[in-house]
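One-based numbering, in listed order, for ligands and for the atoms of each. For the single chain, residues carry numbers from 1 onward in sequence order.
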Amino acid sequence: MDVIFFGPPGAGKGTQAKILQQRFGLRQVSTGDLLREHRRREDEIGRRAQAYLDRGLLVPDDVIIDIVRAEIDRGDDLLFDGFPRTRAQAEALTGLLQERGKGLPLLVVFNLDKEEVFRRLMGRWTNPRTGRVYHDIYDPPPPNKIDVDGTPLVRRADDQPETIQTRYDVYRNEAEELLDYYRRSLGDNIVEVDARSPVDVVSGKIAGKFSAPPRSLRQ
Ligand code: AP5
């Protein structure tokens, strides 16, 4: 079964993806991580995405859908982290899964208030090599900000108040339309989690949904 993580910035999608991909044999597809990798390589996708990433705006759908199509074609059951984010992306994903004869995905909706979004992102430290994240209060990093593998931890460039506000607004603007679409097409294959709960409680709630058998896709 493929899984979609949807929620505001900082809700813990990446944290949960790292835990659950191992437990359920899924491959994480984080469009944010993939875009940052293209930007690091300074290739054509990276150059196109740069201005959007810097400002916290959505990268155009056609760029994102091309990236995701290539990931789907590599096979495996996938855990989409941060995709889809617009109704157009959701419709494209439905088409791609149907063409490949896949069952309905499970949608996990992370709910988190704006104040906590800011608290999460203003305290986040990331290991750019492994993707492991820490938090100043909730999961403190080593005091010297060097991770166990020797990699210096960094703050993400878009974890600045103004950009966080933009990312949060963008999320709110798209959320209702996307959720409307999925409520109609996924039926019971949706689980909502209170993302304020401790990490293991959130993982347990999501894992509990995995026993449900996949149904065939409906439009
Ligand atoms: P992306 O990288 O996807 O960022 P995001 O959605 O804003 O989400 P984050 O990665 O910031 O947060 P998260 O939910 O993974 O939280 P985390 O687990 O790290 O996207 C970045 C940009 O790329 C976008 O702005 C856009 O420009 C572009 N983009 C990406 N996808 C796109 C798409 N589909 N279409 C168009 N553009 C796209 O946790 C956060 C912190 O909280 C950490 O410090 C962690 O330790 C802590 N934490 C986690 N869980 C808990 C918990 N339960 N309790 C306490 N602390 C916790």
Working note: Leu153 + Ile146, criterion side chain to side chain contact (heavy atoms under 4.5 Å, CB included); need CA distance, chi angles, decisive distance, verdict.
CA-CA 6 Å; Leu153 299 172; Ile146 307 286; over 6 Å; no

Kindly identify the option in [options] whose heavy atom sits closest to [atom].
{"atom": "atom 3 (O) of ligand 1", "options": "Arg85, Gln16, Lys13", "answer": "Arg85"}
{"atom": "atom 46 (O) of ligand 1", "options": "Tyr134, Trp125, Tyr138", "answer": "Tyr134"}
{"atom": "atom 29 (N) of ligand 1", "options": "Leu35, Thr31, Val59, Val170", "answer": "Leu35"}
{"atom": "atom 1 (P) of ligand 1", "options": "Arg156, Arg196, Gln50", "answer": "Arg156"}
{"atom": "atom 16 (O) of ligand 1", "options": "Pro140, Ser197, Gly12", "answer": "Gly12"}
{"atom": "atom 50 (N) of ligand 1", "options": "Arg120, Arg124, His135, Arg132", "answer": "Arg120"}
{"atom": "atom 34 (N) of ligand 1", "options": "Ser30, Gly56, Gly82", "answer": "Gly82"}

I need the nearest protein heavy-atom contact for [atom]: residue, atom name and distance, please.
{"atom": "atom 12 (O) of ligand 1", "value": "Gly10 N, 2.9 Å"}
{"atom": "atom 22 (C) of ligand 1", "value": "Leu53 CD2, 3.6 Å"}
{"atom": "atom 11 (O) of ligand 1", "value": "Arg167 NH2, 2.7 Å"}
{"atom": "atom 39 (O) of ligand 1", "value": "Thr15 OG1, 3.7 Å"}
{"atom": "atom 27 (O) of ligand 1", "value": "Leu57 O, 2.6 Å"}

Handout entry: Check: Tyr168/Arg172 side-chain N/O donor and acceptor closer than 3.5 Å
Key =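 There is such a pair between these side chains.
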
Audit row: Phe24, Leu79, side chain to side chain contact (heavy atoms under 4.5 Å, CB included) steps and yes/no | CA-CA 10 Å; Phe24 293 102; Leu79 195 169; over 6 Å; no

Go through ligand 1 atom by atom and flag the ones less than 4.0 Å from a non-hydrogen atom of [X].
{"X": "Gln89", "value": "33 (C), 34 (N), 35 (N), 36 (C)"}
{"X": "Arg36", "value": "2 (O), 21 (C)"}
{"X": "Ala11", "value": "14 (O), 16 (O)"}

Point to revise | Test item: Asp77 side-chain N/O and Met1 main-chain N/O as donor-acceptor pair under 3.5 Å | key: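 Confirmed, Asp77 side chain pairs with Met1 backbone.
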
Under 3.5 Å: donor-acceptor pair, side chain of Arg48, backbone of Val63: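 Checked: no pair found.
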
Under 4.0 Å, counting heavy atoms only: does Arg55 come that close to any atom of ligand 1?
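No; Arg55 lies far enough from ligand 1 that no heavy-atom distance drops under 4.0 Å.
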
- Query: Excluding sequence neighbours, so at least two apart, what forms side chain to side chain contact (heavy atoms under 4.5 Å, CB included) with Arg132?
  - Reply: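 Testing Arg132 for side chain to side chain contact (heavy atoms under 4.5 Å, CB included), a comparison that skips the adjacent residues, returns Asn127, Thr130, Tyr134, Asp139, Asp147.
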
*Answer yes or no on whether Arg120 is positioned over the face of Tyr138, meaning its NZ or CZ is under 6.0 Å from the six-membered ring centre and within 45° of the axis.*
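Yes, a cation-pi geometry.
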
- Query: Quick one: salt bridge (charged side-chain N to carboxylate O under 4.0 Å, His left out) partners of Arg55, sequence neighbours excluded?
  - Reply: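 Not a single residue meets the salt bridge (charged side-chain N to carboxylate O under 4.0 Å, His left out) criterion with Arg55.
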
What distance separates Ile45 CD1 from Ile67 CD1, expressed to the nearest 0.5 Å?
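So the CD1 of Ile45 and the CD1 of Ile67 are separated by 4.5 Å.
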
Is the closest N or O pair between [X] and ligand 1 shorter than 3.5 Å?
{"X": "Gly7", "answer": "no"}
{"X": "Asp33", "answer": "no"}
{"X": "Gly14", "answer": "yes"}
{"X": "Gly123", "answer": "no"}

- [ ] Would you check if the distance from the ring center of Phe110 to the ring center of Phe6 is below 6.0 Å?
- [x]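 No, the ring centres sit 6.0 Å or more apart.
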
State whether Arg87 and Glu174 are salt-bridged, where the test is any N-O pair (Lys NZ or Arg NE/NH1/NH2 against Asp/Glu carboxylate O) under 4.0 Å.
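Salt bridge: no.
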
